[in-house]
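Just so we're on the same page: letters track the sequence lines, and every chain starts at 1.
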2 protein chains.
Amino acid sequence: MPVGLNDQEIQVLGDVVSHKRKIQRGGYLHRSGSKFQSLFAIRSGFLKTCVLEEDGRQQVTGFHMTGELLGLDAISTDTHTCDAIALEDSEVCEIPFAKLEEISRTIPSLMRHFHKIMSREIVRDHGVMLLLGSMKAEERLASFLLNLSRRFLMRGYSESEFNLRMTREEIGSYLGLKLETVSRAFSKLQDENIITVDNKHIQINDIARLRLKMGNSSCIT
Amino acid sequence: MPVGLNDQEIQVLGDVVSHKRKIQRGGYLHRSGSKFQSLFAIRSGFLKTCVLEEDGRQQVTGFHMTGELLGLDAISTDTHTCDAIALEDSEVCEIPFAKLEEISRTIPSLMRHFHKIMSREIVRDHGVMLLLGSMKAEERLASFLLNLSRRFLMRGYSESEFNLRMTREEIGSYLGLKLETVSRAFSKLQDENIITVDNKHIQINDIARLRLKMGNSSCIT
DNA sequence: TGTTAATTTTGATTCAGATCAATTAAAGCG
DNA sequence: CGCTTTAATTGATCTGAATCAAAATTAACA
């Protein structure tokens, strides 16, 4: 559901503007404050975006996987507003933004598509705002897992079994919870036989009940 | 800070595509689920956007004033994802989106400007996510007031004295708090002589201390 | 492969904010 | 203008998540 391109669309963009870049686990794709030149389409891997607060702690603003587009926030001021860090070895395709704008002038469908992607990011953020503003810990985690599940499914992976790339602390940061609370929520869902947790390996045993846990189905579509 | 156009920019757009529309207090500019055709530039007034949850309660996703652009979320699916309701008599300028895209193809600076506006909305949402994910009640209210203050200032109004257009409940919904908590936070700030509250009338007595209250200055820029 | 560091789980306690409840104040309206 | 409805304040209590603390597990790496 989050900002995404299908394989074919990535291909089209790739033909036009392609400059691949590898980032290894823990490496930065870009840093907050750095000059914005290009958007990045993720070809493989898994990244997080986060902002550094002055006290040194960081707040995760999103997790991003293959097919998603990073850097949309930087268009506003020509400066990146967050760090993008690889949670596993990743490969991205650099898309010089000026070029993208230029090309989209002559290909209306590309322009339209790009606008839809930006808009989808806004809708996604509103979903997260709803989650943070109105859901309790267990509901947040259920939403989060269902969101990951759907994204893995869309990419041809299992929707019921996957490995988390991020720590409990990073999940907590994203969901507005402390890591202990995240851990407890995992344990609770496991006690109810809704999921099976083995450290980073998650198995969803009863997706319907997980959806019920989330309650408010309008969130994180 | 939120998505905005200056007077001149509104003028430019207005020359190209202008169809004004008045919405009286309590009226809908658009409803969730309705077909998306146009963006709306606010010429005067004050609106809120909100999503209706299935239980009938509504969650406020934003407050919007003169010069701001509404409807960006609807581009994604050609369907509005939220309700936009006037909190006071308002006037908007309708901007048919297809026309905007067409024109922006020939005016690069307009296209660029539009992209910046969408991006700014994403940045704004990230700020709200940060607020909801990591700030406590008093800090949230301080952020909210400072944000309003700055927006009023940008529009030529007093930054230290203004009337709220929304209820405590709507503020709470936006900030992820209950209305009682919002009320208590107002009282607390007043007890500390940082602000003076007279129902909907707010006077900021010590903007520096209000900023300190907010703490983490990276939020809601 | 052993040693250290990081991560995760679980328990006990505390606290901010929700909830429940009642009063006061303001706004709509016949 | 008085009556009704809606909004706001304030208090008392309860609760979910934070915090503090310790143990267990996993990962990193020399």
By salt bridge (Lys or Arg N to Asp or Glu O under 4.0 Å), B:Arg168 pairs with (sequence neighbours left out) none
Residues at least two apart in sequence or cross-chain that pass salt bridge (Lys or Arg N to Asp or Glu O under 4.0 Å) with A:Glu88, listed by chain then number, are A:Arg165
Extract all donor-acceptor atom pairs below 3.5 Å that involve side chains of residues 22-30 of chain B and protein atoms in other chains or at least two apart in sequence.
from: B:Arg25; atom 1: NE; to: B:Leu87; atom 2: O; distance (Å): 3.4
from: B:His30; atom 1: ND1; to: B:His80; atom 2: ND1; distance (Å): 3.4
from: B:His30; atom 1: ND1; to: B:Cys82; atom 2: O; distance (Å): 3.1

Taking N or O atoms only and anything under 3.5 Å, show me the protein contacts with nucleotides 2-4 of chain D, one pair per line.
none

For a quick test of reading the model: is some side-chain N or O of B:Lys178 closer than 4.0 Å to OP1 or OP2 of C:dT19? yes
With a 4.0 Å limit, can you tell me whether A:Ser187 has a side-chain N or O closer than that to the phosphate oxygens OP1/OP2 of C:dT10? yes
Taking only nitrogen or oxygen atoms into account, show me every contact under 3.5 Å that the protein makes with nucleotides 20-23 of chain D, one pair per line with its distance.
from: D:dC20; atom 1: N4; to: A:Glu180; atom 2: OE2; distance (Å): 3.4

Between the protein and nucleotides 28-30 of chain D, which nitrogen or oxygen pairs are less than 3.5 angstrom apart?
from: D:dA28; atom 1: OP1; to: A:Arg25; atom 2: NH1; distance (Å): 3.3

Sequence neighbours excluded, the answer for side chain to side chain contact (heavy atoms under 4.5 Å, CB included) partners of B:Lys116 is A:Ile75, A:Asp78, B:Arg112
Residues at least two apart in sequence or cross-chain that pass side chain to side chain contact (heavy atoms under 4.5 Å, CB included) with A:Ser149, listed by chain then number, are A:Glu159, A:Phe162, A:Ile204, A:Ile207
Those residues at least two apart in sequence (or on a different chain) that pass side-chain hydrogen bond (donor to acceptor under 3.5 Å, both in side chains) with A:Arg31 are none
In short, side-chain hydrogen bond (donor to acceptor under 3.5 Å, both in side chains) pairs touching residues 181-191 of chain A with sequence neighbours left out are A:Glu138-A:Lys188
Exercise for review: For the pair A:Glu68 and A:Arg155, evaluate salt bridge (charged side-chain N to carboxylate O under 4.0 Å, His left out) and give the outcome as yes or no after the intermediate values.
Suggested key: CA-CA 11 Å; A:Glu68 293 174 12; A:Arg155 284 159 184 78; 3.1 Å; yes
What nitrogen or oxygen pairs link the protein and nucleotides 5-8 of chain C at under 3.5 Å?
from: C:dT8; atom 1: OP1; to: A:Lys200; atom 2: NZ; distance (Å): 3.0
from: C:dT8; atom 1: OP2; to: A:Arg168; atom 2: N; distance (Å): 2.8

Students should find that the end-to-end axis angle of the helix from C:dT1-D:dA30 to C:dG30-D:dC1, with five pairs defining each axis and rounding to 10 degrees, is 60°
